[in-house]
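The figures here come from the full heavy-atom set of this structure, side chains too, leaving out hydrogens, waters and symmetry mates.
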Amino acid sequence: MARDKVCKKNGNSPKFTLHNIRGHGFCCKPQAACACLAAEGVTLSLRMNYQLIPKELRPIAEKVEAQQRISEADALSLYCANDLNALGMIANVVRERANGNYATYIHNRYINYSNICILSCQFCAFAAKKRDAHAFEYAIDEIVRVVSDALPLGITEVHMVGGLHPTLKKEWYLDLLRRLRALDPQLHIKAFTAIEVRHLAQRIFRMPIRDTLETLRDEGLGSITGGGAEIFDPGVRDQICRGKETAAEWLDVHRTWHSMGGRSTCTMLYGHIETLAHRADHLRQLRQLQDETGGFTGFVPFAFEPSQSHGILAHIKRASAFDQLRNLAVSRIYLDNIDHLTAYWVSLGLPLAQVSLSYGVDDLHGTILEEKIFHMAGATTPQQQTVAALEHAIREAGREPVQRDSHYRHLNGTRQVERPDERELVCA
Ligand code: SF4
């Protein structure tokens, strides 16, 4: 059992599905009977209308309503269903049970410190070799300046990932964390995918994973990011990201971080060569680790961006809106032990992310302030959103917007004022 898994209301160990809402922490009651939810005035009003659910999905819907866990085979049946509204209805019950009517967002700043990478994943249009014209590498001073410029806007998190850089030294990474920490001790530094952590451990720090994570944490790392998971199936990985860590290695970095009391998010990159069974298998492995550690705060699936694709991925078309909503709904229904489901608007676009709030999603990710990875791959969505745009999208969808921190805890009354000129960025 993870270190902090104790109900904050009565100190008991949790016996049921855990959730975390309004900063109350973990609960020992089933969500439907949770005092934390009741204290917040959240009523669980959603019910299935079985007449609107196709016959073949009703046994799964009944399990969900009874708060029973669905199987991987059930997840595959849901993936094969084409009644999107029925999936949305089932997912909505799970969403409301876990999060009431709240939908969250974070005020954050993305930084990609470098795109220089020793690997060449087939789906990645971001990475470059040092000799390439589009290779970049920011100096620590530049990164610190960008983050200090964002602090007065009210950001609570800096989200920082990069390629597997061959020559940056251990001291560079530690100095970067130290300098960011010194800027504002309250600023949450979410950084490095599990594959970057392995790269640092094996090639740069030359230390075990745990020692590497402890060293990074000592210098200011607040949480690790969920990237690099792609699709766990080894056959798929061999074709789209040969040489990258295995599923077991990705999971092990998160397991180690969770065992240190850390929290993290998890992801899935879908809509390329994987099958629906591969997606269900991916979800199964995430749910299994979550059963073991409880350390995942949220799940963030995103579709492959095909604009710049070539080789084995050249023929891939962008995932349809239908497929993206279905993937979110199935994820929400299956991942009964991960509290939050995030719609990554950079991939979906804000209009579809807004619609996804009726398909199981309870979080619209963040302001981001400058996304590079998807945009270098050809994404046509904006590179940032304002708080006003995110709140408007949530409110219009009938949910109550709440700013959150990096662990999806609600922040009440801490939002700061944006610069007036940024209000012009309300767009999708
Ligand atoms: S996905 Fe990550 S590891 Fe793979 S090439 Fe791109 S930056 Fe490198």
Where the side chain of [X] meets the backbone of [Y], is there a donor-acceptor pair that is under 3.5 Å apart?
X: E274; Y: G271; answer: yes
X: Q288; Y: L286; answer: no
X: W257; Y: R263; answer: yes
X: W345; Y: G366; answer: yes
X: D336; Y: R69; answer: no
X: H159; Y: I368; answer: no
X: H134; Y: A127; answer: yes
X: R326; Y: A81; answer: yes
X: Q384; Y: T367; answer: no
X: T156; Y: D405; answer: no

Considering non-hydrogen atoms only, spot the tightest contact between [X] and [Y] and give its length.
X: I204; Y: P166; answer: CD1-O, 4.2 Å
X: P54; Y: A86; answer: CD-CB, 3.6 Å
X: I60; Y: I70; answer: CG2-CG2, 3.8 Å
X: G227; Y: T193; answer: O-CB, 3.4 Å
X: L269; Y: I231; answer: O-CG1, 3.2 Å
X: L341; Y: R332; answer: CD2-CB, 3.7 Å

Partner set under side chain to side chain donor-acceptor pair (under 3.5 Å) for [X], not counting sequence neighbours:
X: R242; result: D238
X: D218; result: none
X: D83; result: none

Enumerate the residue pairs fulfilling salt bridge (Lys or Arg N to Asp or Glu O under 4.0 Å) with a member in [range], sequence neighbours excluded, ordered by first and then second residue.
range: residues 355-369; result: D363-R404
range: residues 184-201; result: R198-E249
range: residues 303-316; result: E305-R318
range: residues 154-172; result: E171-R178

Measure the shortest side-chain to side-chain distance between [X] and [Y] over non-hydrogen atoms and say whether it is less than 4.5 angstrom.
X: I240; Y: F304; value: no
X: H340; Y: V361; value: no
X: Q403; Y: V387; value: no
X: M48; Y: V64; value: yes
X: N92; Y: E96; value: no
X: I116; Y: L164; value: no
X: Q354; Y: E396; value: yes
X: P401; Y: T104; value: no

**Message:** Parallel, tilted or perpendicular, judged at 30° and 60°: which one describes the rings of H254 and F296?
**Reply:**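 Rings of H254 and F296: tilted, 30 to 60°.
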
I'd like to check the side chain to side chain contact (heavy atoms under 4.5 Å, CB included) partners of [X]; sequence neighbours left out, ordered by chain and number.
X: C241; result: C121, F123, E230, R237, K244
X: A201; result: I209, T212
X: I312; result: Q122, Q239, I273
X: A229; result: F232, W250, T267, H282

**Item:** Derivation and outcome, side-chain hydrogen bond (donor to acceptor under 3.5 Å, both in side chains), residues H407 and T297
**Value:** CA-CA 6 Å; H407 297 329; T297 49; 5.1 Å; no

To the nearest 0.5 Å, what is the distance between [atom1] on [X] and [atom2] on [Y]?
X: K317; Y: H315; atom1: NZ; atom2: NE2; value: 8.5 Å
X: R95; Y: L328; atom1: CZ; atom2: CG; value: 13.0 Å
X: R287; Y: L335; atom1: CZ; atom2: CG; value: 7.5 Å

**Request:** Decide, yes or no, whether a salt bridge links D149 with R145 under the criterion of side-chain N to carboxylate O below 4.0 Å.
**Result:**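 Salt bridge: yes.
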
**Message:** Check this for me, if you would: do D141 and R179 make a salt bridge, where the nitrogen-to-carboxylate-oxygen distance has to be below 4.0 angstrom?
**Reply:**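 Judged by the 4.0 Å cut-off on N to carboxylate O distance, D141 and R179 do form a salt bridge.
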
**From CA spacing to verdict: ring pair (Phe, Tyr, Trp, His ring centres under 6.0 Å), H410, Y102** = CA-CA 9 Å; H410 292 190; Y102 298 114; 5.0 Å; yes

**Message:** Out of the candidates N99, T342, D339, I106, only one should pair with Y408 under the side-chain contact (heavy atoms from CB on, under 4.5 Å) rule; please name it.
**Reply:**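 For Y408, the side-chain contact (heavy atoms from CB on, under 4.5 Å) check succeeds only for T342.
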
**Request:** List the steps and the verdict of salt bridge (charged side-chain N to carboxylate O under 4.0 Å, His left out) for K129 and D132.
**Result:** CA-CA 5 Å; K129 301 300 171 203; D132 292 339; over 6 Å; no

**Request:** Given side chain to side chain contact (heavy atoms under 4.5 Å, CB included), test R279 with L283 step by step and report yes or no.
**Result:** CA-CA 6 Å; R279 293 190 201 178; L283 295 180; 5.7 Å; no

**Request:** Would you please test F126 and N112 for side chain to side chain contact (heavy atoms under 4.5 Å, CB included) and show each step?
**Result:** CA-CA 10 Å; F126 167 74; N112 298 116; 3.9 Å; yes

**Prompt:** ring-ring contact (aromatic ring centres under 6.0 Å, His included) with Y344: which residues, sequence neighbours excluded?
**Reply:**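 Listed in chain order: F302, H365, F374.
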
**Prompt:** Is there a side-chain hydrogen bond (donor to acceptor under 3.5 Å, both in side chains) between Y79 and N327 once you walk through the steps?
**Reply:** CA-CA 7 Å; Y79 267 132; N327 192 63; 2.6 Å; yes

**Prompt:** Does the separation of the ring centres of W172 and Y113 fall below 6.0 angstrom?
**Reply:** yes

**Request:** Verify whether the ring centers belonging to H199 and H165 lie closer than 6.0 Å.
**Result:** no

**Prompt:** Heavy-atom count around N49 CG within 6.0 Å, excluding the residue itself: above 12?
**Reply:** yes

